[in-house]
Amino acid sequence: MLLLEAGASHGGLFSDMPSGFARFMHSRKFNWLYRSHKEPQLTNPKGCYTPRGKMLGGSSGINAMIYTRGLSSDYNSWAAKGNVGWSYNDLLPYFIKSENNSRGASNYHGNSGPLTVSDVSPFYPVSKCFLEACSEFGLPPNPDFNGVHLEGHNSYQFTMKDGKRCSAYHAYLKPALKRNNLTVISGCLTERVAFSGIKATGVCYQQNGRRYIASARKEVILCAGAFNSPQILMRSGVGSASELAKFGIESVYDNPAVGKNLQEHVDVSIQCKNKMRDGLTLSPLGLIKLSVPFIQYILSSKGQLAHSLAEVGAFYRSSNEVKEPDIQAHLLPVMFNDSGYDWNPTLKHGFTCHVCLLRPESRGAVHLNPEDPMAKPQITYGFLSEKSDQKALLNGIRKALEILKQPALAKHNGGIMFPNPCLSDAELLEQIKSKTGLIYHPAGTCKMGPKNDTGAVVDPELKVIGVEKLRVIDASIMPTVISGNTNAPTIAIAEKGADLIKADALIH
Ligand SMILES: Cc1cc2nc3c(=O)[nH]c(=O)nc-3n(C[C@H](O)[C@H](O)[C@H](O)COP(=O)(O)OP(=O)(O)OC[C@H]3O[C@@H](n4cnc5c(N)ncnc54)[C@H](O)[C@@H]3O)c2cc1C
């Protein structure tokens with residue numbers, strides 16, 4: 001088993017420290033620093049900032065560690081589209097297998113898996129007040145977002161262990177490093193899959209300016225995420241033959257579906273002044289004040305920095321016409337802009353209510369960079385191109401603005417800075433188009449589907465259609481993005497993928 005990873009290491013102290021993920025928002029070393037472009041329906045000229053983890057453990061090394069799985073109907077709809085073996089009941093055992101939940105084992109949870117999932121009481125007063133405000137608004141608490149139903153508000157559970165992040169690296173890779181049958185090469189860029197005819201025979205990769213080929217006796221598995229897995233497939237000749245011809249890439253299998261069907265939870269950050277000034281600011285004084293919690297964290301893995309910034313949240317329905325929650329809120333005790341890239345607002349005392357749409361109809365695509373197929377891929381989200389998405393997101397924002405107006409938040413809420421709550425729907429839509437963001441959950445670009453599905457890239461065994469000895473196992477295979485945070489579902493996909501690989505290995 002050979003694991004190739006472009007990132008240099010596992011991210012170190014700031015990755016382990018739950019609040020430390022903000023450190024990676026500008027990091028060239030640990031973040032691919034993508035940005036979408038060609039979004040004609042949006043008015044933000046810069047495109048949407050898109051962080052992706054570049055380290056052992058991938059984006060789970062820089063994520064907010066929230067542990068949610070979405071709705072059972074998400075997976076049941078995958079199965080209904082011909083993906084045999086991918087219903088909620090099929091996947092629940094993999095969620096349970098992967099999990100070591102501090103609440104113990106139950107019908108929904110496991111307590112002996114490698115992925116530690118913990119309850120962490122909210123640290124910031126504004127987070128606690130947000131939960132009270134949700135109750136005042138009429139949204140009840142939900143004791144378990146991953147249990148009987150999704151709707152409600154609460155503190156999230158986190159992939160954390162004793163005040164430290166539990167990424168895919170910590171849970172799965174680190175314990176396996178001592179195995180004789182595993183070699184890890186980090187700091188190397190996979191260029192393409194090598195083929196003999198339609199059979200994958202290995203991988204071409206680059207390291208320190210030199211190019212290498214690693215041969216695969218059994219099979220090649222791509223797990224480079226929703227942007228880079230389709231990018232590698234296209235560089236390898238699996239994609240739209242006519243598009244690849246423009247790059248001089250010889251077609252191995254003509255499949256225009258590669259890179260299409262991009263889905264992401266389109267998000268709007270409601271920014272609010274914090275009258276209590278008891279959140280987080282990254283002003284020079286705010287940073288000096290953080291030195292005490294920093295030392296406390298180094299000594300004990302406890303205190304302010306042992307908390308994710310997105311401590312609490314809610315799932316609700318944008319309207320009564322919708323049967324299950326289609327909106328998720330994340331409350332942050334700090335103001336960000338541009339999905340976390342623009343830190344100017346963090347200099348002020350404020351908090352942010354992220355409002356995202358869980359089952360968007362709009363679709364985007366990933367293409368090779370026209371100037372250089374090895375450079376950052378060309379990403380287009382197509383956010384808000386469907387009217388239904390515009391309507392649902394506007395309704396979701398209106399409801400969030402109502403929650404923020406509740407008495408429990410009165411002492412914190414010093415006024416909404418963005419968007420302007422007094423605008424008409426049409427004006428509000430125009431305003432949010434100028435600052436549309438995302439909540440870091442890209443999926444769908446190597447869509448799983450039965451062989452008669454012309455939009456599919458992999459079959460339900462995660463094998464790439466049209467070629468041999470090649471699979472994709474990551475968030476890109478989701479036919480539709482699930483209604484929640486995507487780390488736990490990606491790990492469940494990987495657990496199932498591992499069983500599929502083992503089952504094949506036993507036969508051959
Ligand atoms: C800032 C941020 C916050 C998030 N917060 C949450 C959260 O709180 N909860 C949650 O559930 N989800 C969250 N997510 C999403 C979650 O982390 C992802 O859904 C999940 O990690 C996706 O896994 P993946 O395997 O598909 O891709 P990734 O985790 O992105 O892994 C892809 C890996 O492949 C490597 N790679 C890519 N291209 C190449 C190449 N050419 N050669 C070699 N290596 C390559 C990358 O460096 C990376 O290590 C967040 C994501 C981000 C970025």
Side-chain angles (χ1 to χ4, degrees), residues 3-11 15 18 21-25 27 29-34 49-70 115 117 145-146 156-160 165 167-169 172-173 185-193 203-207 221-233 235-236 264-265 267 308-311 313 328 330 332 336 339-341 354 373-377 438-446 472-478 481-482 484-494 497:
L3 172 70
L4 300 172
E5 163 57 44
S9 74
H10 58 89
S15 173
F21 75 96
R23 145 89 177 76
F24 297 117
M25 281 300 182
S27 165
K29 187 173 172 191
F30 293 115
N31 184 342
W32 291 86
L33 295 173
Y34 290 155
Y49 170 57
T50 301
R52 298 317 292 163
K54 190 182 192 180
M55 59 177 75
L56 293 170
S59 297
S60 74
I62 67 165
N63 72 14
M65 296 157 290
I66 296 168
Y67 184 86
T68 68
R69 302 169 180 173
L115 188 68
V117 178
F145 290 133
N146 304 305
Y156 289 115
Q157 283 207 293
F158 298 95
T159 43
M160 278 169 56
R165 174 189 297 277
S167 70
Y169 165 77
Y172 288 90
L173 185 57
I185 305 181
S186 56
C188 67
L189 188 72
T190 297
E191 198 181 307
R192 62 183 172 86
V193 177
V203 163
C204 306
Y205 67 94
Q206 304 177 358
Q207 193 178 36
I221 296 150
L222 290 181
C223 45
F227 301 115
N228 296 24
S229 283
Q231 185 196 38
I232 295 170
L233 277 183
R235 285 200 295 244
S236 313
E264 166 64 278
H265 293 142
D267 179 271
S308 169
L309 291 183
E311 296 186 290
Q328 183 178 5
H330 298 79
L332 270 69
F336 282 140
S339 300
Y341 192 79
H354 283 270
M374 289 303 294
K376 292 180 183 183
L438 47 98
I439 206 82
Y440 324 122
H441 299 153
T445 47
C446 296
V472 180
I473 306 184
D474 58 26
S476 70
I477 68 99
M478 294 186 192
V481 65
I482 59 98
N485 311 80
T486 45
N487 190 49
T490 308
I491 285 179
I493 288 168

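Counting starts at 1 for both ligands and their atoms, in listed order.
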Asker: In Å and rounded to the nearest 0.5 Å, what is the CH2 to CG distance from Trp32 to Asn228?
Answerer: 5.0 Å
Asker: Of all the heavy-atom pairs spanning Leu56 and Tyr169, show the shortest one and how long it is.
Answerer: O-CB, 3.4 Å
Asker: Geometry only, no angles: is Ser476 polar-contacting ligand 1 at N/O separations under 3.5 Å?
Answerer: no
Asker: Parallel, tilted or perpendicular, judged at 30° and 60°: which one describes the rings of Phe24 and Phe30?
Answerer: perpendicular
Asker: Residue-level breakdown please: for Tyr205 versus ligand 1, do any non-hydrogen atoms fall below 4.0 Å on the side chain, on the backbone, on both, or on neither?
Answerer: neither
Asker: Please could you name the atoms of ligand 1 that Gly53 approaches to less than 4.0 Å, counting only its heavy atoms?
Answerer: 46 (C), 47 (O), 48 (C), 49 (O)
Asker: Give the atoms of ligand 1, by number and element, whose distance to some non-hydrogen atom of Met65 is under 4.0 Å.
Answerer: 7 (C), 8 (O)
Asker: Considering only heavy atoms from C-beta outward, does the side chain of Ser15 approach that of His10 to under 4.5 Å?
Answerer: no
Asker: Testing the basics here: between Leu189 and Met374, what is the closest heavy-atom pair and its distance to 0.1 Å?
Answerer: CD2-CE, 3.4 Å
Asker: Are Ile493 and Ile473 packed together at the side-chain level, in the sense that at least one heavy-atom pair is separated by less than 4.5 angstrom?
Answerer: yes
Asker: List the steps, then state whether side-chain contact (heavy atoms from CB on, under 4.5 Å) holds for Thr159 with Ser60.
Answerer: CA-CA 9 Å; Thr159 43; Ser60 74; over 6 Å; no
Asker: So is Met25 polar-close to ligand 1, meaning N/O to N/O under 3.5 Å?
Answerer: no
Asker: Using a 4.0 Å heavy-atom cut-off, say whether Thr190 meets ligand 1 through its side chain, its backbone, both or neither.
Answerer: both
Asker: Under 4.0 Å from any heavy atom of Met55, which atoms of ligand 1 are there?
Answerer: 47 (O), 49 (O)
Asker: If I take atom CG from residue Asn31 and atom OG1 from residue Thr50, how far apart are they, to the nearest 0.5 angstrom?
Answerer: 9.5 Å
Asker: Can you tell me the protein heavy atom closest to atom 23 (O) of ligand 1 and the distance?
Answerer: Thr490 CG2, 3.6 Å
Asker: How close does the nearest protein non-hydrogen atom get to atom 52 (C) of ligand 1, and which residue and atom is it?
Answerer: Tyr440 CB, 3.4 Å
Asker: Does an N or O anywhere in Ile232 fall below 3.5 Å from an N or O of ligand 1?
Answerer: no
Asker: Determine, using heavy atoms of Tyr67 and all atoms of ligand 1, whether some pair is separated by less than 4.0 Å.
Answerer: no
Asker: Taking only heavy atoms of Gly58, which atoms of ligand 1 are found under 4.0 Å from at least one of them?
Answerer: 29 (O), 31 (O), 48 (C), 49 (O)
Asker: Applying a strict 4.0 Å limit to heavy atoms, is Cys188 in contact with ligand 1?
Answerer: yes
Asker: Nearest protein heavy atom to atom 27 (O) of ligand 1, by residue and atom, and its distance?
Answerer: Gly225 CA, 3.5 Å
Asker: Name the closest protein heavy atom to atom 49 (O) of ligand 1, giving the residue it belongs to and the distance to 0.1 Å.
Answerer: Glu5 OE1, 2.6 Å
Asker: Taking atom 30 (O) of ligand 1 as the point of reference, which of Ser59, Pro442, Ser60 owns the nearest heavy atom?
Answerer: Ser59
Asker: What atoms of ligand 1 come within less than 4.0 Å of a heavy atom belonging to Ala475?
Answerer: 26 (O)
Asker: Pairs of nitrogen or oxygen atoms closer than 3.5 Å, one from Leu189 and one from ligand 1: do any exist?
Answerer: no
Asker: Just going by heavy-atom distances, which of Ile185, Ile482, Ile66 is nearest to atom 8 (O) of ligand 1?
Answerer: Ile66
Asker: Just to confirm my output: which protein heavy-atom neighbour is closest to atom 17 (O) of ligand 1, and how far is it?
Answerer: Asn63 ND2, 3.1 Å
Asker: Show your working on side-chain contact (heavy atoms from CB on, under 4.5 Å) between Val117 and Phe158 and close with a plain yes or no.
Answerer: CA-CA 5 Å; Val117 178; Phe158 298 95; over 6 Å; no
Asker: Any side-chain to backbone donor/acceptor pair from Glu5 onto Lys54? Under 3.5 Å, distance only.
Answerer: no
Asker: Using a 4.0 Å cutoff against the non-hydrogen atoms of Cys223, which atoms of ligand 1 qualify?
Answerer: 32 (C), 33 (C), 34 (O)
Asker: For Ala488 and Thr68, work out which heavy atoms get closest and say how close.
Answerer: CB-O, 3.6 Å
Asker: Of the non-hydrogen atoms in Ser229 and Ser476, which two are nearest, and what is the gap between them?
Answerer: CB-OG, 4.1 Å
Asker: Look at atom 25 (O) of ligand 1 and say which protein heavy atom is nearest, naming residue and atom and giving the distance to 0.1 Å.
Answerer: Asp474 CB, 3.7 Å
Asker: Should Thr486 be counted as touching ligand 1, given the test is an N or O pair under 3.5 Å?
Answerer: yes
Asker: Give the minimum heavy-atom separation between Asn485 and His330, together with the two atoms involved.
Answerer: ND2-NE2, 3.1 Å
Asker: With distance as the sole test, does Ser236 use its side chain to make a donor-acceptor pair with the main-chain N or O of Val193 at under 3.5 Å?
Answerer: yes
Asker: With backbone taken as N, CA, C and O and side chain as the heavy atoms from C-beta onward, which portion of Asn228 lies under 4.0 Å from ligand 1: side chain, backbone, both, or neither?
Answerer: side chain
Asker: With only distance considered, is Asn487 within less than 3.5 Å of ligand 1 through an N or O on each side?
Answerer: yes
Asker: What are the two closest heavy atoms between Ala475 and Pro442, and how far apart are they?
Answerer: CB-O, 3.8 Å
Asker: If only atom types and distance count, is the side chain of Tyr440 paired as donor or acceptor with the main-chain N or O of Ser339 below 3.5 Å?
Answerer: yes
Asker: Give me the ring orientation class for Tyr156 and Phe145: parallel if the planes are under 30° apart, tilted from 30 to 60°, perpendicular past 60°.
Answerer: tilted
Asker: Look at atom 36 (N) of ligand 1 and say which protein heavy atom is nearest, naming residue and atom and giving the distance to 0.1 Å.
Answerer: Trp32 CZ2, 3.7 Å
Asker: Judged on heavy-atom distance to atom 34 (O) of ligand 1, which of Ser186, Ala224, Pro51 sits nearest?
Answerer: Ala224
Asker: Among protein heavy atoms, which sits nearest to atom 43 (C) of ligand 1, and what does the distance come to when rounded to 0.1 Å?
Answerer: Ala6 N, 3.2 Å
Asker: Is there a polar contact between ligand 1 and Ala64, counting only N or O atoms under 3.5 Å apart?
Answerer: yes
